Amino acid sequence: MTSSMPPPIVDPTRLHDAVIDWFGRAARDLPWRRDATPWAVMVSEFMLQQTPVARVLPVYEAWLERWPTPADLAAEPAGEAVRAWGRLGYPRRALRLHAAATAIVEGHGGQVPTSPEDLRALPGVGEYTAAAIISFAHGGRAVVMDTNIRRVLARVVTGVEFPAAAVTAAERELATSLLPAERAHVWAAATMELGALVCTARSPQCQVCPVAQMCRWRAAGHPAHDGPPRRGQSWEGTDRQCRGRLMAVLRDATGPVAKAALDVVWPDAAQRERALDALVADGLVEPLEDETYALPGT
DNA sequence: GAGTCGTGGTG
DNA sequence: TCACCAAGACT
């Protein structure tokens, strides 16, 4: 696969050293770094998918205390995972994490897999999460591309404000070419941290950036994003909002709830029924007898 | 490849 | 205020 991208202008070694050195001073003391067992890393990565660190922290702590191993989680009904997920959002992630724990117990002796293939076969583990687990849990060498790293590379190396909506081949080639032979996992964590703390989406702190001197976007005068506007996520009146309301009722209940309790949280009956059916199809809700509903297995 | 899937903080 | 954004995965 040939790339249409010009070769990187920055010197990879300088880039690595600057970012990793900065990371040594500025890295946050996060619980999944302090106790980076494979299961802890895996749980954190599921929770951090599209969810800010600050909101993950309390749920993460409670989760690992209750379920210190994959087997502990797999031993309980999926609904308990959904309930403990709380208001993190995208509750299917809780379902997938539970299913992944079950698969780990049944197929991997209770140990989080180490190979990309085995990791990707787990529900909820995509390209990013597999690479993250390999890097942060096993100290392996993998191309990690999350929203932070993609933005940092787009700016520093490519010279544009934002990466494309979806990962491109050129981007993957660039990230691969920059993957250091040694301490690749530190490079991944450091680049991600730089994107999270300094090279942020809204208001980048170039004044304190360790690679400002070699940043192509900065050198070009911070040109604004050129391309189609990134589609905002609508919310009011959507199925997602409706689903959220229904799930909140079931989470906050101690057992099965009557359908009437669900009806009152969404006025549009047709949309409500459609959303409820979808939740059942997704496995997030279990219909029981006498027109009652519950989280699966509870 | 574009759509869908939650929730809440913030510039 | 409100559109944007947050360690994506899946169809």
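The sequence lines fix the lettering, A, B, ..., with proteins before strands; numbering per chain opens at 1. Predicted model only: the values in this text are computed from it and were never measured.
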Separation of C:dA9 P from A:Trp85 CH2 (nearest whole Å): 12 Å
Sugar-phosphate, base or nothing in reach of A:Gly89, heavy atoms under 4.0 Å: base
Sugar-phosphate only, base, or nothing, as touched by A:Leu30 at under 4.0 Å among non-hydrogen atoms: base
Listed nucleotide nearest any side-chain atom of A:Arg28, set B:dG6, C:dA9, C:dA7: C:dA7
Sugar-phosphate, base or nothing in reach of A:Arg151, heavy atoms under 4.0 Å: sugar-phosphate
Distance below 4.0 Å between A:Arg93 side-chain N/O and B:dG6 OP1 or OP2: no
Gap between atoms CD and C1', on A:Gln49 and C:dA9 respectively (whole Å): 6 Å
Touch class at under 4.0 angstrom, heavy-atom based, for A:Val56 against every strand present: nothing
Check: A:Arg96 side chain, A:Pro123 main-chain N or O, donor-acceptor pair, under 3.5 Å: no
A:His98 side chain vs A:Glu76 backbone, donor-acceptor pair below 3.5 Å: yes
Row check, A:Phe162 ring normal vs A:Arg155 NZ/CZ: under 6.0 Å, within 45°: yes
Side-chain N or O of A:Ser203 closer than 4.0 Å to phosphate OP1/OP2 of B:dG11: no
Nucleotide nearest A:Arg92 when distance is taken to its side chain, options C:dG8, B:dC5, C:dA3: B:dC5
N/O donor-acceptor pair under 3.5 Å between A:Arg141 side chain and A:Leu179 backbone: yes
Rounded distance in Å between the C1' positions of B:dG8 and C:dT1: 16 Å
Proximity to the side chain of A:Asp239 - top-ranked nucleotide from B:dT7, B:dC5, C:dA6: B:dC5
From B:dT7, B:dT10, C:dC10, nucleotide with atom closest to A:Arg96 side chain: C:dC10
Rounded distance (Å) that lies between atom P of B:dG6 and atom CZ of A:Phe46: 16 Å
N/O donor-acceptor pair under 3.5 Å between A:His185 side chain and A:Ala142 backbone: no
Gap between atoms CD and C1', on A:Glu161 and C:dC4 respectively (whole Å): 12 Å
Along DNA chain C (nearest heavy atom to each residue), the more 5'-positioned of A:Gly124 and A:Leu48: A:Leu48
Spacing between A:Leu119 atom CG and C:dG8 atom P, to the nearest angstrom: 17 Å
First encountered from the 5' end of DNA chain C, between A:Pro123 and A:Ser44: A:Ser44
Candidates C:dA9, C:dA7, B:dT10 - which lies nearest the side chain of A:Thr129: C:dA9
Length of the line joining A:Leu88:CG and B:dC5:C1', which is rounded to integer Å: 14 Å
Of the listed nucleotides B:dT7, B:dC5, C:dA7, the one nearest the side chain of A:Arg240: B:dC5
Side-chain donor/acceptor of A:Arg93 to backbone N/O of A:Gly89, under 3.5 Å: yes
Backbone of A:Met145 reached by a side-chain donor or acceptor of A:Arg150 within 3.5 Å: no
Atom-pair distance (CG on A:Leu97; C1' on B:dG6), nearest Å: 17 Å
Touch class at under 4.0 angstrom, heavy-atom based, for A:Ala201 against every strand present: sugar-phosphate
C1'-based separation of B:dG1 from C:dC10 [nearest Å]: 12 Å
Sugar-phosphate, base or nothing in reach of A:Arg120, heavy atoms under 4.0 Å: nothing
Sugar-phosphate, base or nothing in reach of A:Gln241, heavy atoms under 4.0 Å: nothing
Phosphate OP1/OP2 of B:dT7 contacted by A:Arg245 side-chain N/O (<4.0 Å): no
Nearest-nucleotide 5' precedence on DNA chain B, A:Arg202 against A:Thr51: A:Thr51
Value in whole Å for how far the P atom of B:dG3 lies from OH of A:Tyr90: 14 Å
Selection from C:dA6, C:dA7, B:dT7 that lies nearest to any side-chain heavy atom of A:Pro52: C:dA6
Gap in Å between the two C1' atoms, one belonging to C:dA7 and one to B:dG3, rounded: 22 Å
Same-atom distance (P) from C:dA9 to B:dG9, integer angstrom: 25 Å
C:dA6 OP1/OP2 closer than 4.0 Å to side-chain N/O of A:Gln50: no
